[in-house]
Trainee: 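Quick one: structure below, then a few questions.
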Amino acid sequence: MIGPLALAALLVAHPAPSAITIATARGERSLELRADAGGAPMLSASGLVGALGGAVRVSGSWAEIAIGRQPFRFLLGAPFFVYNNRVRPLAAGATLTRDTLYLPFQFVAEVLPRLFADRYRYDADAARFTEAGAPPASADAAEPAPPAPASARDAGPRLPSGIRPGHLVTIDPGHGGVDPGNPGLFFPRGIREKDVTLQIGLLVRDELKRRGVAVRMTRTTDTLIALGDRGSYCSDNCDLFLSIHINSLPKRPGYTAARGSETYFLAEAKTEDARRVARMENEAVRFETETVAAHPSGGLDFILKDLQLNEHLRESALLAARVQDNLDQVHTGNNRGVKQAGFMVLTTARRPAVLAELGYSTNPEDGRFLTQPAGQRKLAAALADAVVSYLHEYERRTDSGADSAAGR
Ligand SMILES: [Zn+2]
């Protein structure tokens, strides 16, 4: 799987050419590149699909491209794509210009050759994209081009963690009070989901403070905060919202086998399992008394439509990708990926918001990992590192160091 750092490192290796050659067994074709509004090199999706075979479909704010029967989804304008139910970052987003869909050149130069190394190759020196089976190019490879100059970084004060001071993050330990969350089948006796989310949430707070990031907690004790109110802890001066949960499965044959972490950002649930997790976490409204009417789940659709056109969705997806990457580095269970689902807890956050399911209490190994101090410390450090690396990336991308120092 492609790590965001690996992608970023490749970006500066070669300046983009003005056109590339696409060579397949069926022949060669030249595709011109054009710059998008932000200067990122782009090429036409229909040109690419015409050369490689496949299909392009745009519906609403999403574009779906099939290449070699592999479907890729792009949220227009958002610097990521979804493949295999995972969100993967890009340097630029797909754009629609006068009915033509343009894809970031990076998708062709780096993503396809990495995902399908046995089928596609991109030779940056020759600006040549080759499908397996294509006749070799006759020209010798030119001298490697000199690396592009690193983009100017402003030299303001930075913390040892690399980010600027002044960030504030909201940490939301899931459930609490009369809402115990899941019963914690393989947790020590008397420990429920609400206890573990709080323990780890407090550790994340400590880790973030150590990295120079201020933290606001939705709760620091065993109390119930209404789902619809949790997001409001992250408003104007808050950079992002991270909700912490523990997954579980209902009793059925083999149900203790599922293990590992997954990270959600707010969008319509795409799979039955994502719907199940969203249902489970949204259930907490039944413990609330007054707030239920104010936040009916039927309102979600409306909020989703609004969010799809909204930068928070993009940012949330990028944040989710960082969080999931880092969790995977320390977790003893499986990497279950970045997913989309409609969580009420995320709808009221006005900032990038993600929900991390740190593991399964219905799996013995995960149960141990999630409740032992060493495992909790690893998870907390991974989450704090993910937050810092997202903030760092955000500062770089928006070049808004001065703004964020003022508490963007
Ligand atoms: Zn939960």
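Only this structure's heavy atoms are used, side chains among them; waters, hydrogens and symmetry mates stay out. For ligands, and for the atoms within them, numbers begin at 1 and follow the listed sequence. For the single chain, residues carry numbers from 1 onward in sequence order.
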Trainee: Would you say that Asp366 contacts Phe186 through its side chain, given a criterion of any heavy-atom pair below 4.5 Å between the two side chains?
Mentor: no

Trainee: Does the distance from a Lys or Arg side-chain N to an Asp or Glu carboxylate O, for Arg276 and Glu281, drop under 4.0 Å?
Mentor: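 Here Arg276 does not pair with Glu281 in a salt bridge, since their nearest N and O are not under 4.0 Å apart.
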
Trainee: Under 2.8 Å from the Zn ion (ligand 1), which protein N, O or S atoms do you find? Ignore water molecules.
Mentor: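 His175 NE2, Glu193 OE2, His245 ND1, Glu281 OE1, Glu281 OE2, with waters left out.
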
Trainee: Are any of the side-chain nitrogens in Asp385 or Arg211 under 4.0 Å away from the carboxylate oxygens of its partner?
Mentor: yes

Trainee: Looking at residues at least two apart in the chain, or sitting in another chain, which of them share a side-chain contact (heavy atoms from CB on, under 4.5 Å) with Ser46?
Mentor: Ser44

Trainee: Are the aromatic rings of Tyr122 and Phe105 close, with centres under 6.0 Å apart?
Mentor: yes

Trainee: Considering residues, nucleotides and ligands other than Glu32, do more than 12 of their heavy atoms fall under 6.0 Å from its CD?
Mentor: no

